Amino acid sequence: MHLDPLNEVRRAFADNLSKVIKDLYSFDIKVTVSRVPNLNFGDLGSPVAFELAKILKKEPNEISNQLSASLDVSSIPYAHSSDAKGGFVNLKLNRKDFAKAVIDSTIKVGPDFGSSLIERSRVMVEHTSANPVHPLHVGSGRNAVIGDTFANILEKLGFEVSRHYLVNDSGRQASLLVYARSRLPDAKVEGKPDHWYGVLYAACNCIIELKKRRGKEAEEWKEALEELRKRAPDLVNKLEEEINKDENPEASVAELNKKYQEGKDEVVKAMFREVTEAVMEGFKQTLERLGIRHDAYDWESELIWGGWIDKALQRLKKSGYLEKEDGAYYVNLLKAAEEREDIRKVLGGNIEEIRTKMPPVYYLSRSDGTWLYTGTDVGYSLYKFEGLKEDKVYNVIGVDQKLAQLQLRAAMALMGIDPNKLVHFSYEFVDLPEVKMSGRRGRYVTIDELLDEAKKRVKDLLKERVGIEEKEVEEIAEKVAVGAIRYALINVIPSKKVIFTWDRVLNLQENSGPFIQYAYTRTRGILRKAGEVPEEFDASHLGEEIEIELIYKIAELPETIRNCYWLMRPDILAQYANDLAMLINKFYEKCPVIAAPKGVREARTALVKAASIALGNAMDILGIPRLDKM
RNA sequence: GGGCCCGUAGCUCAGUUUGGAUAGAGCGACGGCCUUCUAAGCCGUAGGUCGCGGGUUCAAGUCCCGCCGGGCCCGCCA
């Protein structure tokens, strides 16, 4: 069931205004309705008279007065009266009725409050998908949190959602790590496997890059290598020694990759699986802590062995734009764009622009016959739509892959799949203030260390709390840490960078996950003490300005969630939760609940219940854990 | 060089989608509030040429054009 009193009023107000305008001036105009900035002016307002003033060549005031007088207020639910101020047509609500409707409907639908029905189609969200060669860092964390939150939002809107992770186990990165492991087969994996392998991978990468580069570039890799050597001297020294025995490490890596993709050499297969599965196990542990689970892990190798990439290749061949050079396949996208309108459309407009700003071809494989990431990605996309029959797929991938995602969509069109079914959910990176994060250099802040540090800080705080038992500390600290980190990674618009500082991410004060958790926990405390929420209450007791603000904010949850979807902006929900928490805290200062006189107490208890539901539901979507004590 | 993204308080960010009523929070600074539902809180003070310059409009942080600064992409890497 979906209840949304605010939307009811808003729609009725806008429709009614449109109708009045049509009756009075006989034309159609789009009517916008928004919250009024000052409660004294009313509740909802429309600036439509300004636009009419221009057309009718009259004063906005005159028009707004006329509109307001002609409005049929009785046909708008919860409406009390209308008036005109400064050219705006304002609607005053019967706040008692509106409050009652909002609180009753929120309590009635409970966990479903905030839901709407947009569509029942099948939607996949592919997210995280970090290469299994180093631990998840805060950048991958942003991906995971955005993806998971967006998937939760889709579920609230009726979509049948599945969360997928593409395990990139067959590219050069994975091969490089397997190569490093093959040089040190007896080295003992110490600590969490993804962390240990992360050092091994970065060291191997640095050593190989160092051999290839000269001058300043070489210096830079050397520097990264020395940083790693400080962290794990024995491992790095031995690895360097072993790699130096290899005349051509680059060729060895390539050979491993080729053998693995062919899938016939069982020894090689076992080597890859040992390493990538160990790292993936580490990832799963980290993601589990953040409350993130995937419905499926799609292994790149299996897509290859299962024939999905070959199938995609056949499709592209049929389109007539697949070509080959030195044994490497590529799609001639420029030629396709020149000849096909739909391809031009995908690539963004006229052919001149495409010529100047796009690479003319799209390579799918190497000369040695191995697939590039682009090749497997084309096959994976085919699998998503024809294997899994998804109606729509959101790829949560960094902004750096914007062009690649565009080319992928063009390739989809050539395979005969509607490219609009594939959406690149793009997000900006997390930047460290000083150094640039780089998995290949072993420079990153991992989610694990972030969680642990956050937990430590929370535990310090909990020491000063009374009424928290020793055995509860661990669980509370973990949940607060998760709340802090998920909030910090979701509350910035995806198209903007997140600047990582420990103080910002581990902020426990206002505008943070813990601030939201704290406000929620207090609603739980009050409800515990107040006992049952009364069946009946008199909403006319809810007259304080902060109470009215709070009721409005609660009522805004359904439309907030819909906006998150339409705009692909999960951060809007984080903002909402913070705003709601702020109002709840202010309400506590101003309005005692338990100690309030009879009548007021019941009404406020019901309001707290509704606020608790709204905030709790928002937190569930954001993955910020609920707590009864903190 | 070309394309895309970003620029709002000392710092980190909302507000730009659909132009609308006094540009909002947090951190940091300063000053108050715990015999009263959890002080991870609340109240107050200070802090703004909304990068710069034009334009459109009754109205521009928001739309258009130009510029400046930062980032990303333009690989048989992913």
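In the text below, chain A, chain B and the rest are named by the order of the sequence lines, each starting its count at 1. A quick note: this is a predicted structure, and the numbers were derived from the prediction, not measured.
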For this session: Indicate yes or no: at least one non-hydrogen side-chain atom of A/Leu177 is less than 4.5 angstrom from one of A/Thr276.
Result: no
Sorted by chain and residue number, the ring pair (Phe, Tyr, Trp, His ring centres under 6.0 Å) partners of A/Phe429 (sequence neighbours excluded) come out as none
A/Glu59 atom CD is separated from B/A59 atom P, nearest whole Å, by 13 Å
Contacts satisfying ring-ring contact (aromatic ring centres under 6.0 Å, His included) that involve residues 477-508 of chain A (not counting sequence neighbours) are A/Phe500-A/Trp502
Nearest-angstrom distance, C1' atom, B/C64 to B/U56: 7 Å
Quick one: label A/Val608 by what it contacts on the DNA or RNA (base, sugar-phosphate, nothing), any heavy atom closer than 4.0 Å.
nothing
Parsed dot-bracket for RNA chain B after applying the Watson-Crick and G-U rules with both distances under 3.5 Å and | for other-strand partners is (((((((..((((......[...)))).(((((.......))))).....(((((..]....))))))))))))....
Going 5' to 3' through nucleotides 72-78 of chain B and flagging B where a protein heavy-atom sits under 4.0 Å of the base, S where only the sugar-phosphate is that close, and - otherwise, we get SSS-BBB
Does A/Arg11 CZ have over 12 foreign heavy atoms under 6.0 Å away?
-> no
- Item | B/C11 to B/U35 separation - P atoms, rounded to the nearest Å | 39 Å
A/Leu583 CG to B/C42 C1', in whole Å, measures 13 Å
Q. Does any donor atom in the side chain of A/Thr501 or A/Asp503 lie under 3.5 Å from an acceptor atom in the other side chain?
A. no
Exercise. What integer number of Å spans the C1' atoms of B/U38 and B/C4?
Worked result: 48 Å
Here the distance between atom C1' of B/C58 and atom CG of A/Leu52, to the nearest Å, is 13 Å
Contacts of A/His127 meeting ring pair (Phe, Tyr, Trp, His ring centres under 6.0 Å) (sequence neighbours excluded), chain-then-number -> A/His294
Margin query: Does B/G15 have its OP1 or OP2 closer than 4.0 Å to a side-chain nitrogen or oxygen of A/Arg569?
Written below: yes
A/Asn507 atom CG is separated from B/A40 atom P, nearest whole Å, by 14 Å
(message) With rounding to the closest Å, how many angstrom separate the P atoms on B/G24 and B/C43?
(response) 15 Å
A/Gln517 CD to B/G41 C1', in whole Å, measures 15 Å
TODO: Answer whether the closest heavy-atom distance between the side chains of A/Tyr552 and A/Leu583 falls below 4.5 Å.
DONE: no
The complete set of ring-ring contact (aromatic ring centres under 6.0 Å, His included) pairs with one or both residues in residues 357-378 of chain A, sequence neighbours excluded, reads A/Tyr330-A/Tyr363
Can you check nucleotides 64-68 of chain B for protein contacts, nitrogen or oxygen pairs under 3.5 Å, and list what you find?
none

Check: How about A/Gln405 and A/Asn395: does a side-chain donor come under 3.5 Å of a side-chain acceptor?
Finding: yes
* To do: Using the C1' atom on both, measure B/G7 against B/G15 and round to a whole Å.
  => 15 Å
Is A/Tyr588 near enough to B/A39 that one of its side-chain N or O atoms lies under 4.0 angstrom from OP1 or OP2?
no
With sequence neighbours left out, the residues meeting ring pair (Phe, Tyr, Trp, His ring centres under 6.0 Å) with A/Tyr565 are A/Phe159
Separation of B/U12 atom P from A/Leu508 atom CG, nearest Å, is 20 Å
Under a 4.0 Å heavy-atom criterion, the protein footprint on nucleotides 18-25 of chain B, written with B, S and -, is S-BBB--S
query: On a whole-Å scale, what distance lies between the P atoms belonging to B/C50 and B/G44?
result: 26 Å
What pairs of nitrogen or oxygen atoms, one from the protein and one from nucleotides 6-9 of chain B, lie under 3.5 Å apart?
unit_1 : atom_1 : unit_2   : atom_2 : d
B/G7   : OP1    : A/Lys496 : NZ     : 2.8

| said: Quick one about A/Ser301 and A/Asp169 (side-chain donor to acceptor, distance below 3.5 Å, no hydrogens or angles considered), yes or no? | reply: yes
Residues of residues 590-603 of chain A with a heavy atom under 4.0 Å from any atom of RNA chain B, listed by number, are A/Cys591, A/Pro592, A/Val593, A/Ile594
Under 3.5 Å donor-acceptor pairs involving side-chain atoms of residues 131-139 of chain A, not counting sequence neighbours:
unit_1   : atom_1 : unit_2   : atom_2 : d
A/His137 : ND1    : A/Gly139 : N      : 2.9
A/His137 : ND1    : A/Ser140 : N      : 3.3

Practice item. Tell me what A/Leu462 touches on the nucleic acid: a base, only sugar-phosphate, or nothing, going by heavy atoms under 4.0 Å. Key: base
Exercise for review: Considering only atom C1', compute the distance from B/C58 to B/U45 and round it to an integer number of Å.
Suggested key: 37 Å
Worksheet item: Above 12 or not: heavy atoms from other molecules or residues under 6.0 Å from CD of A/Glu323?
Response: yes
Rounded to whole Å, CZ of A/Arg142 lies from P of B/U12 at a distance of 15 Å
Requested in this report: Please check if any side-chain donor atom of A/Glu300 sits under 3.5 Å from a side-chain acceptor atom of A/Ser170, or the reverse.
Outcome: yes
(message) Hydrogens and angles aside, do A/Asp298 and A/Tyr165 bring a side-chain donor and acceptor to less than 3.5 Å of each other?
(response) no
Rounded to whole Å, NZ of A/Lys529 lies from C1' of B/U38 at a distance of 8 Å
Please give the distance between the C1' atoms of B/U62 and B/U57 as a whole number of Å. 13 Å
Check your understanding: Reckon A/Asn205 touches a base, only the sugar-phosphate, or nothing at all at heavy-atom distances under 4.0 Å?
Key -> nothing
Exercise. For B/A39, take OP1 and OP2 only and decide whether either is under 4.0 Å from a side-chain N or O of A/Arg465.
Key: no
